[in-house]
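Quick notes on the structure that follows.
As the structure is a prediction and not an experimental result, all values here were calculated from the model. The residues of the chain are indexed from 1 along the displayed sequence.
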Amino acid sequence: MVVTVLKDLYGNGKQVKASDLTLGSQLCGPSFQREDSVVFQNGLQECGIQLQMSPDFVTYSTEITYKPTPLGNAPIVRTNDAVTLIKCYYPRHGNVSSDAIKPTWVPFITTISVEEKLIFSLQLMNDDWSAPRTSMAFQLGDVFHIEASVDIANHVPMMVFVDRCVATLSPDANSNPRYDIIDLNGCLLDGKQEDSSSAFRPQRPQPNKIQFTVDAFRFSGMEVSTIYITCNLRAVPVTQTPDHMNKACSFSKIANSWSPLEGTSNICICCNTGNCAVPDGQSRRMGSYTGRRHWKRRAGLDHTTEQGLVVGPSNHKEDHSEQGLVALGPLVVVGPSNHKEAENKAAEVVEPSNYNEDETKATAMRQEPIHFEVWVLITMTCLSLAVLVACAAVIVKYVFKK
């Protein structure tokens with residue numbers, strides 16, 4: 001990726017310092033500079049550049065950040081910070097050969113490269129699981145309906161498992177605060193919380209898909225939480241027998257025990273003991289993530305997208321599985337509605353002590369004419385009816401006399 005930034009960044013004739021410009025989340029500095037520009041030249045896996053996949057494109061996203069520093073010893077700056085988003089798009093489909101050929105056989109290297117690629121993804125589904133959810137906004141009391149899947153279009157049949165999911169306030173799964181939703185190779189720990197009903201769905205829609213629900217939550221001390229959920233997904237052959245490592249376990253509060261989506265109940269025992277098997281070459285850590293649960297769910301009583309970021313798999317030949325990290329978000333979760341409280345406050349009667357004597361008299365004077373006008377209206381109506389009745393009686397008497 002080559003990015004050229006004009007030193008006259010704001011077009012006002014004043015040049016910015018090259019040292020005030022950085023690329024990506026790792027704040028990489030410029031590669032070199034020219035008389036009127038600054039140039040960044042970095043690999044697509046460097047500087048914290050993020051990979052995102054859609055059905056048609058592979059997208060690499062990053063940003064150029066300008067953060068002015070004071071000149072000399074003066075504690076002031078004369079320009080504003082700036083952040084510019086940068087994306088590089090690569091088509092996922094197309095002929096990689098420069099010349100058209102009509103082979104009678106398929107090159108061996110091509111067959112291998114296509115078959116060994118697996119694409120993992122996460123997406124939010126609507127309440128009946130019939131289609132992806134379009135809104136990323138939730139209130140406490142709502143439910144996250146999450147579907148994890150692996151694309152096996154050109155691969156032998158595979159079954160997907162969710163080894164671990166962590167919720168954070170930023171896309172960085174290693175940031176704080178963070179909360180373990182799933183851990184220990186498929187134990188849905190959130191479902192064990194006192195105020196949670198989170199669980200895996202009783203049946204997979206397909207072997208390469210798995211679905212689970214998580215009760216909406218927000219981080220403590222925050223009225224609004226923008227949440228990112230990062231999961232480690234793993235695909236194994238469909239012939240794999242469920243075991244302590246290959247499992248999807250939900251906690252039942254009624255039975256006070258763990259139950260697996262597939263396999264015998266004893267494979268979930270390690271969800272309590274914490275000693276679930278981990279194969280050689282694989283770790284439960286997400287990068288440098290080693291944290292445990294640091295906070296609890298905030299429950300509410302009110303019931304009122306860029307959906308998934310996917311990354312390529314890393315192969316683990318030892319256990320015949322492939323895995324990849326997938327991020328879902330941002331999900332915006334707001335706290336309980338304060339409408340009731342606002343209505344109650346609006347309905348409160350202000351005590352007389354809140355007014356001075358003149359205001360109290362003025363209020364009484366404004367209220368008295370209202371009652372007077374009502375009685376006058378009633379009296380006038382009655383008199384009118386009496387006059388009409390008397391007139392009618394006179395007319396009838398006159399007619400009969402004639």
Side-chain angles (χ1 to χ4, degrees), residues 25 43-46 48-62 90 92 112-125 132 146-168 170-175 178 180-188 200 204-212 228-238 240 245-248 276 278-290 306-329:
S25 60
L44 293 174
Q45 280 75 39
E46 298 174 355
I49 297 175
Q50 295 183 344
L51 171 65
Q52 181 178 0
M53 287 192 183
S54 66
D56 298 317
F57 292 96
V58 176
T59 307
Y60 291 91
S61 303
T62 188
Y90 293 84
R92 288 185 62 186
I112 294 299
S113 64
V114 169
E115 286 188 352
E116 70 182 6
K117 291 181 179 178
L118 288 178
I119 303 300
F120 296 89
S121 64
L122 274 182
Q123 64 178 343
L124 280 175
M125 305 294 289
I146 302 175
E147 180 180 272
S149 63
V150 57
D151 184 0
I152 56 172
N154 297 304
H155 204 284
V156 295
M158 302 289 278
M159 180 177 291
V160 68
F161 288 95
V162 184
D163 278 349
R164 189 175 191 191
C165 284
V166 61
T168 54
S170 75
D172 182 6
N174 303 316
S175 61
R178 52 184 175 246
D180 288 340
I181 298 174
I182 298 176
D183 201 358
L184 303 173
N185 292 95
C187 302
L188 211 167
F200 287 100
R204 295 175 182 262
Q206 299 172 21
N208 65 316
K209 294 181 179 180
I210 189 169
Q211 298 171 332
F212 59 98
Y228 295 83
I229 297 177
T230 305
C231 296
N232 186 77
L233 307 183
R234 189 162 47 85
V236 300
V238 292
Q240 170 70 52
M245 187 186 70
N246 303 287
K247 64 184 185 297
C276 299
V278 179
D280 295 336
Q282 182 181 346
S283 170
R284 289 199 297 267
R285 295 172 56 181
M286 293 187 177
S288 60
Y289 182 168
T290 57
E306 37 202 340
Q307 288 243 337
L309 306 180
V310 298
V311 299
S314 61
N315 298 335
H316 294 277
K317 302 297 184 182
E318 296 86 349
D319 64 332
H320 306 289
S321 68
E322 301 184 29
Q323 60 180 325
L325 284 180
V326 190
L328 181 67

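- With hydrogens and angles ignored, the 3.5 Å screen pairs no side-chain donor or acceptor of Lys247 with any backbone N or O of Cys187.
- In terms of heavy-atom proximity, Leu233 sits nearest to Ser121 at CD1-O, 3.7 Å.
- The OH atom of Tyr60 sits 5.0 Å away from the CG atom of Leu51 when rounded to the nearest 0.5 Å.
- Applying the side chain to side chain donor-acceptor pair (under 3.5 Å) criterion to Ser61, with sequence neighbours excluded, gives no partner residue.
- Side-chain contact between Ile182 and Phe161 is absent, with no heavy atoms from C-beta onward closer than 4.5 Å.
- Taking CZ of Phe212 as the start and SG of Cys165 as the end, the distance is 4.0 Å to the nearest 0.5 Å.
- For the pair Asn208 and Met158, the minimum side-chain heavy-atom distance is 4.5 Å or more.
- With values rounded to the nearest 0.5 angstrom, Asp151 atom CG is found 8.0 Å from Leu118 atom CG.
- Residues Asp180 and Val166 approach most closely at OD1-CG2, 4.0 Å, considering heavy atoms.
- Note: Leu122 CG to Cys231 SG = 4.5 Å, rounded to the nearest 0.5 Å.
- Scanning all heavy atoms of the two residues, the minimum distance from Arg234 to Met245 falls at NH2-O, 2.7 Å.
- Smallest separation of non-hydrogen atoms from Gly43 and Ile49: O-CD1, 3.5 Å.
- Minimum heavy-atom separation, Val160 to Arg204: O-NH1, 2.8 Å.
- Atom CG of residue Asn232 and atom CG of residue Leu325 lie 5.0 Å apart, to the nearest 0.5 angstrom.
- Contact record, Met159 with Val238: N-CG1, 3.9 Å, taken as the closest heavy-atom pair.
- A distance of 4.5 Å separates CG of Leu328 from CG of Leu124, quoted to the nearest 0.5 Å.
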